[in-house]
Amino acid sequence: MATIQELQQHIRASIKNAYPEPEAGSIAQLVLEHVLQKNRLQLSLSQLEEVPAVHIATVEEMVERLQQQEPVQYVLGVAYFYGLELQVDERVLIPRPETEELVDLVLREHKGRKELTILDVCTGSGCIPLALQATMADAKVYGLEISEGALQVAQANAAKYKLPVEWLQADVFEPVPGIAAGALDIITSNPPYVLEEEKAVMQNNVLQYEPHLALFVPNTDPLKYYKRITKIGLQLLKKGGKLYFEINERYSQEVQEELLKAGFEQIRIVSDFSGKTVSWWLYVNLR
């Protein structure tokens, strides 16, 4: 038997080579909160409480995975996004805090508007459309994704919260099914935008575990998704509709030029809380 305090120290010591402090301490906290179903305050008040053997066995299994640098969200099977606890596994990218900022931009820009029609492209776990649907209950929200596995995760997340997002399995480079021309008020997307050459500087836990289909674009065509989603916007957005992207900041100027050439205007670049440019929001006025 071990106390919560002892088990927490054990986790930290066991994963320190893969996750140095202070990250190891944060991960140990998350693991114990998840396994013991206690919040931070409850854990702090029960440090000398003994942990049942069945929970210790579960923790040891998780520690083995963490020692291989598997992301803690995959180990726990959940990630938190805009107040939602979402299922995640290796079929989907782990939702990032920066993407919550994109959701927040959409909600701020459309506060008070009713019955909007929204499409999220390359939807993955469904984090963006689910967060929007949870906040805009009367909106009609679609999520487009090519990966059957990713859509299974998104559907499970929608079912958990009884959110009526309509999921579309389709290749973004093919016609979008089930949505009429000029029907959309908003398009959002966090598409693949990391260049293949950037793999050399990326963290191993991302490269080894997160789906490359959702991350990478060819070095020779870094704007392929932005170009295609721009065309989708021209076809499916109402006049005055809005398109929201996350971008590779290396290509912000090129993306802006593509959009202006296509007929979009009033383009604004938004930096995330770390000061890194990751998000665009765009006001559409088709010429």
Side-chain angles (χ1 to χ4, degrees), residues 11 14-15 18-19 23-24 26-37 54-55 57-100 102-103 120-134 141-172 188-194 199 202-217 225 246:
I11 297 168
S14 299
I15 67 173
Y19 294 97
E23 190 174 9
S26 299
I27 289 173
Q29 180 80 24
L30 289 172
V31 167
L32 289 178
E33 287 177 11
H34 183 80
V35 173
L36 302 180
Q37 291 296 288
V54 63
H55 290 331
T58 299
V59 167
E60 291 295 359
E61 291 174 5
M62 291 181 171
V63 164
E64 288 182 13
R65 294 170 65 183
L66 290 165
Q67 287 172 332
Q68 302 304 312
Q69 291 189 307
E70 184 172 353
V72 65
Q73 293 90 342
Y74 290 158
V75 173
L76 301 182
V78 297
Y80 296 91
F81 185 85
Y82 219 83
L84 302 174
E85 182 186 78
L86 301 180
Q87 172 188 330
V88 294
D89 58 32
E90 292 181 28
R91 294 173 289 179
V92 298
L93 290 181
I94 298 165
R96 265 62 175 186
E98 294 86 355
T99 308
E100 292 183 320
L102 184 144
V103 170
D120 182 58
V121 179
C122 303
T123 203
S125 66
C127 60
I128 294 174
L130 290 171
L132 292 173
Q133 185 76 85
V141 184
Y142 298 88
L144 178 74
E145 173 60 54
I146 190 174
S147 166
E148 181 178 358
L151 274 185
Q152 289 171 350
V153 174
Q155 288 166 341
N157 286 325
K160 175 179 179 179
Y161 289 102
K162 297 182 173 60
L163 294 170
V165 174
E166 185 170 337
W167 306 105
L168 307 172
Q169 185 176 4
D171 187 338
V172 68
T188 60
S189 187
N190 180 15
Y193 59 70
V194 181
K199 288 180 179 179
M202 293 183 69
Q203 293 181 338
N204 184 59
N205 60 342
V206 174
L207 283 176
Q208 187 173 347
Y209 293 101
E210 299 203 49
H212 287 203
L213 177 66
L215 283 170
F216 295 107
V217 291
Y225 283 92
E246 288 201 28

Identify every side-chain donor-acceptor pair in residues 74-88 under 3.5 Å, counting partners at least two apart or on other chains, and give the distances.
from	atom 1	to	atom 2	distance (Å)
Tyr74	OH	Val92	O	2.6
Tyr80	OH	Glu85	OE2	2.7
Tyr82	OH	Asp104	OD1	2.7
Glu85	OE1	Lys160	NZ	2.8

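- A distance of 6.0 Å separates CG in Leu144 from CG in Leu168, rounded to the nearest 0.5 Å.
- The salt bridge (Lys or Arg N to Asp or Glu O under 4.0 Å) search around Glu64 returns none, not counting sequence neighbours.
- For the pair Glu166 (side chain) and Tyr142 (backbone), a donor-acceptor distance under 3.5 Å is absent.
- Counting only distance, with no hydrogens or angles, the side chain of Gln67 and the backbone of Ser14 share a donor-acceptor pair below 3.5 Å.
- Atoms CD and OG1, on Glu246 and Thr99 in that order, are 3.5 Å from each other to the nearest 0.5 Å.
- Residues Val72 and Leu66 form a side-chain contact, since some pair of their non-hydrogen atoms from C-beta on lies under 4.5 Å apart.
- For residues 146-155, every residue pair satisfying the side chain to side chain donor-acceptor pair (under 3.5 Å) rule, not counting sequence neighbours, is listed here: Arg91-Gln152.
- Counting heavy atoms from C-beta on, the side chains of Glu61 and Arg65 never come closer than 4.5 Å.
- No side-chain heavy atom of Ile128 sits less than 4.5 Å from a side-chain heavy atom of Thr123.
- Here Glu100 pairs with nothing under the salt bridge (Lys or Arg N to Asp or Glu O under 4.0 Å) rule; sequence neighbours left out.
- Note: Gln29 CD to Ile11 CD1 = 9.5 Å, rounded to the nearest 0.5 Å.
- Residues Leu213 and Ile146 have side chains in contact (heavy-atom distance under 4.5 Å, counting atoms from C-beta outward).
- Proximity of Leu93 to Pro211: side-chain heavy atoms (C-beta onward) are separated by under 4.5 Å at one or more points.
- Put simply, the side chain of Glu70 never gets that close to the backbone of Tyr209: no donor and acceptor are under 3.5 Å apart.
- Every side-chain contact (heavy atoms from CB on, under 4.5 Å) that Ala18 has, sequence neighbours left out, goes to Gln69.
- Within the 4.5 Å cutoff, the side chain of Leu30 has no heavy atoms near those of the His34 side chain.
- With sequence neighbours left out, the side-chain hydrogen bond (donor to acceptor under 3.5 Å, both in side chains) criterion links Gln73 to no other residue.
- By the 4.0 Å N-to-carboxylate-O rule, Glu210 lies close enough to Arg96 to be salt-bridged with it.
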